[in-house]
Asks: 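Quick one: this structure, given as structure tokens, is what I'll be asking you about.
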Amino acid sequence: AIGVSKQDIREQIWDYMESQNLADFPRPVHHRIPNFKGASRAAEHFPGLQAFKMARTIKVNPDAPQKNARFFVLESKKTLLVPTPRLRTGLFNKITPPPGATKDILRKCATSQGVRNYSTPVGLDSKVLVDLVVVGSVAVSEKGWRIGKGEGYADLEYAMMVSMGAVSQGTPVVTIVHDCQVVDIPEALLEDHDLTVDYILTPTRVITTGCERPKPAGIAWSKISCEMMEKIPILRSLRHREEQAGKDVTLRDGPRSTPGAQAAPSTARSPQDPAPPESGSVPPSSVEIGNLPRDVRVSQLKRALSALGVVPSRLTWQGPQHRAFLHYRDPAEAQQAIACLQGFRLGASTVRVVLARQQRAGDLGGGHTAEPLPDHRPLLAHD
């Protein structure tokens with residue numbers, strides 16, 4: 001159709017799936033990757049792909065229709081990586097089922113709750129190699145053109161994996177959809193940053209697209225808004241790295257002096273802000289992490305902080321009180337750490353993260369200060 005847009009195609013698919021009752025919870029399917037009826041059956045084709053058999057590490061999106069695909073990866077004892085929803089904390093998590101897990105437990109690990117409970121973050125420095133990528137789609141064509149729900153996360157996740165060296169042009173991409181989501185998509189709608197797919201799995205078919213259009217070659221910074229940068233901490237880390245490497249990292253809505261500048265707190269204080277610390281209190285560049293699980297070790301916390309790119313210059317561990325204090329070089333770094341750690345889980349607990357403004361220095365007694373962590377170049381530059 002003349003003048004058809006990606007959004008037109010999305011709306012047609014969503015409307016059709018709703019009118020024909022082709023989706024399970026959550027409904028309505030609008031603005032989502034549809035959890036279509038028959039998703040488990042479509043995923044049953046997945047282990048039969050040669051690309052699956054050869055893969056050791058597989059990244060699968062966290063959406064409901066790919067739950068069975070995640071289960072097959074775990075059942076085959078392959079490494080499962082799942083992106084953090086909306087990339088709020090890091091890029092992706094490795095799902096580690098408990099030792100001797102039964103099929104029932106593996107199925108639980110493949111649910112969104114299981115992904116939260118059995119995951120450890122994978123950092124920028126992990127040198128992970130992803131052999132196979134699974135993405136959700138709203139619409140896809142037999143040629144391999146793909147349309148997501150319009151927020152750009154799948155394209156961005158892939159581009160970030162390219163920047164990390166985790167994937168290459170030869171890494172196969174699979175999508176799992178209902179038959180009605182396979183439609184004609186005009187090639188004119190595709191942009192350089194759009195991810196294409198090599199295999200389409202539906203309840204009735206396995207489609208090998210033979211797509212030769214190049215996949216994204218990295219992050220297209222000119223397509224990234226400052227708002228997105230503020231929402232996605234790991235994107236700021238990657239931007240700083242690429243800037244250090246001499247790449248053009250100008251954003252869509254204008255130049256910024258440094259990636260970290262966005263995270264710097266305002267000097268103006270709103271009425272609900274806590275008062276400035278009294279003399280003798282912990283400086284505002286310290287962060288308190290509370291609600292730590294009883295059995296967690298300081299080494300686990302250090303690994304998680306490293307994976308998220310928020311390594312402090314010093315760490316005070318207070319295991320018996322289920323908390324730790326992270327000491328950063330300046331308030332901007334501390335604010336950055338808080339943004340990265342929101343909603344972060346260690347074991348089965350969501351940790352509590354606050355700026356340690358009102359902790360007096362005396363309150364730090366009873367813990368031990370870990371040796372200064374190895375000197376590292378901060379991932380983010382600050383003024």
Side-chain angles (χ1 to χ4, degrees), residues 24 33-36 38-85 87 90-123 126-137 140 146 148 153-154 157-158 160-162 164-168 170-178 195 197-203 205-209 215 307 345:
D24 287 325
I33 299 294
N35 186 20
F36 61 95
S40 292
R41 197 161 69 251
E44 284 169 10
H45 299 301
F46 191 38
L49 291 180
Q50 189 62 24
F52 178 94
K53 293 173 184 173
M54 293 175 64
R56 287 188 295 183
T57 300
I58 302 177
K59 187 234 90 170
V60 184
N61 61 301
D63 301 287
Q66 277 70 51
K67 180 175 72 176
N68 221 25
R70 295 190 291 273
F71 165 72
F72 286 129
V73 175
L74 294 173
E75 188 188 38
S76 303
K77 296 188 166 44
K78 298 176 187 288
T79 299
L80 172 62
L81 301 178
V82 178
T84 308
L87 302 175
L91 177 50
F92 35 54
N93 294 302
K94 177 182 173 182
I95 313 307
T96 309
T102 61
K103 274 196 180 187
D104 281 346
I105 290 174
L106 292 182
R107 287 191 190 283
K108 280 185 184 142
C109 291
T111 65
S112 54
Q113 185 64 42
V115 164
R116 285 195 292 273
N117 288 351
Y118 298 99
S119 66
T120 50
V122 174
S126 63
K127 307 296 182 205
V128 66
L129 290 175
V130 177
D131 303 309
L132 185 57
V133 172
V134 179
V135 294
S137 302
V140 65
R146 172 193 172 273
Y153 284 104
E157 284 161 12
Y158 185 88
M160 289 164 80
M161 288 192 287
V162 172
M164 287 172 67
V167 296
S168 66
T171 307
V173 177
V174 178
T175 195
I176 303 173
V177 294
H178 191 276
L195 182 59
V197 304
D198 302 292
Y199 300 96
I200 303 166
L201 311 183
T202 80
R205 294 198 286 169
V206 174
I207 301 166
T208 303
T209 67
K215 292 185 170 65
R345 296 177 75 90

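Predicted, not measured: the structure shown is a model, and the values here were computed from it. When reading the values below, keep in mind they use all heavy atoms of this one structure, side chains included, and skip hydrogens, waters and symmetry mates.
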Asks: Please evaluate residues V140 and I207 with respect to the criterion side-chain contact (heavy atoms from CB on, under 4.5 Å), reporting the C-alpha separation (whole Å), side-chain torsions for both, the decisive distance (0.1 Å), and the verdict.
Replies: CA-CA 11 Å; V140 65; I207 301 166; over 6 Å; no

Asks: Which atom pair, heavy atoms only, marks the closest approach of A69 to V60?
Replies: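 Shortest heavy-atom separation between A69 and V60 comes out as CB-CG1, 4.3 Å.
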
Asks: Return a table of donor-acceptor pairs under 3.5 angstrom between the side chains of residues 105-117 and protein atoms on other chains or two or more places apart.
Replies:
from : atom 1 : to   : atom 2 : distance (Å)
T111 : OG1    : K108 : O      : 2.6
T111 : OG1    : G114 : N      : 3.1
Q113 : OE1    : R116 : NH2    : 2.8
Q113 : NE2    : N117 : OD1    : 3.4
N117 : OD1    : R345 : NH2    : 2.9

Asks: Might you work through the side-chain contact (heavy atoms from CB on, under 4.5 Å) test for Y199 and T209, ending with a clear yes or no?
Replies: CA-CA 6 Å; Y199 300 96; T209 67; over 6 Å; no

Asks: For V135, does its backbone N or O pair with a side-chain atom of T175 as donor and acceptor, under 3.5 Å?
Replies: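 Such a contact is found between T175 side chain and V135 backbone.
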
Asks: When you compare the side chain of M160 with that of E157, does any pair of heavy atoms fall below 4.5 Å?
Replies: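 Of all side-chain heavy-atom pairs linking M160 with E157, none is under 4.5 Å.
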
Asks: Determine yes or no for a side-chain-to-main-chain donor-acceptor pair under 3.5 angstrom, with H45 supplying the side chain and T202 the backbone.
Replies: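 Yes, the answer is positive, given that a donor and an acceptor are paired below the 3.5 Å cut-off.
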
Asks: Compare every heavy atom of L132 with every heavy atom of P172, then report the nearest pair and how far apart it is.
Replies: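 Heavy atoms of P172 and L132 come nearest at O-CD1, 3.5 Å.
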
Asks: Are N35 and D63 close enough, and set up right, to give a side-chain contact (heavy atoms from CB on, under 4.5 Å), and what steps lead you there?
Replies: CA-CA 8 Å; N35 186 20; D63 301 287; over 6 Å; no

Asks: Do any N or O atoms from the side chain of D131 and from the backbone of T57 form a donor-acceptor pair under 3.5 angstrom?
Replies: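 Looks like yes, one N/O pair under 3.5 Å.
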
Asks: Do M164 and V130 pass the side-chain contact (heavy atoms from CB on, under 4.5 Å) test, and can you show the C-alpha distance, the side-chain angles, and the key distance before you say yes or no?
Replies: CA-CA 11 Å; M164 287 172 67; V130 177; over 6 Å; no

Asks: Would you give the length of the straight line joining atom OG1 of T171 to atom CD1 of I58, rounded to the nearest 0.5 angstrom?
Replies: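 Those atoms lie 12.0 Å apart.
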
Asks: About how many Å separate CD of E75 and CZ of R70, when rounded to the nearest 0.5 Å?
Replies: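 So the gap between those two atoms works out to 15.0 Å.
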
Asks: Can you run down the ring-ring contact (aromatic ring centres under 6.0 Å, His included) pairs that involve residues 47-74, sequence neighbours left out, and say none if there aren't any?
Replies: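 Pairs touching residues 47-74 that pass the test: F46-F52.
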
Asks: Is there a donor-acceptor pair closer than 3.5 Å between any side-chain N or O of K78 and the backbone N or O of A55?
Replies: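 A pair under 3.5 Å: yes.
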
Asks: Counting C-beta onward and ignoring hydrogens, is there a side-chain heavy-atom pair between M161 and F92 closer than 4.5 Å?
Replies: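 With C-beta onward as the side chain, the pair touches.
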
Asks: Answer whether the closest heavy-atom distance between the side chains of I176 and P65 falls below 4.5 Å.
Replies: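 In short, these two side chains do not touch, never coming nearer than 4.5 Å.
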
Asks: Looking only at non-hydrogen atoms, find the nearest pair between R146 and L195 and report the distance.
Replies: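 Smallest heavy-atom distance, with atoms named: CB-O, 3.5 Å.
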
Asks: Which heavy atom of Y158 sits nearest to which heavy atom of S168, and what is that distance?
Replies: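 Heavy atoms only, the tightest pair is OH-O, 3.2 Å.
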
Asks: What closest approach, in Å, do N61 and V82 show between heavy atoms, and which atom pair accounts for it?
Replies: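 The pair with the smallest heavy-atom distance is C-CG1, 4.4 Å.
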
Asks: Do the side chain of S40 and the main chain of N68 share a donor and acceptor less than 3.5 angstrom apart?
Replies: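 Judged by distance alone, no pair lies under 3.5 Å.
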
Asks: Grab the two heavy atoms, one from R41 and one from P203, that are nearest each other, plus how far apart they are.
Replies: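 Answer, listing the atom of R41 first, then P203: NH2-CB, 3.6 Å.
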
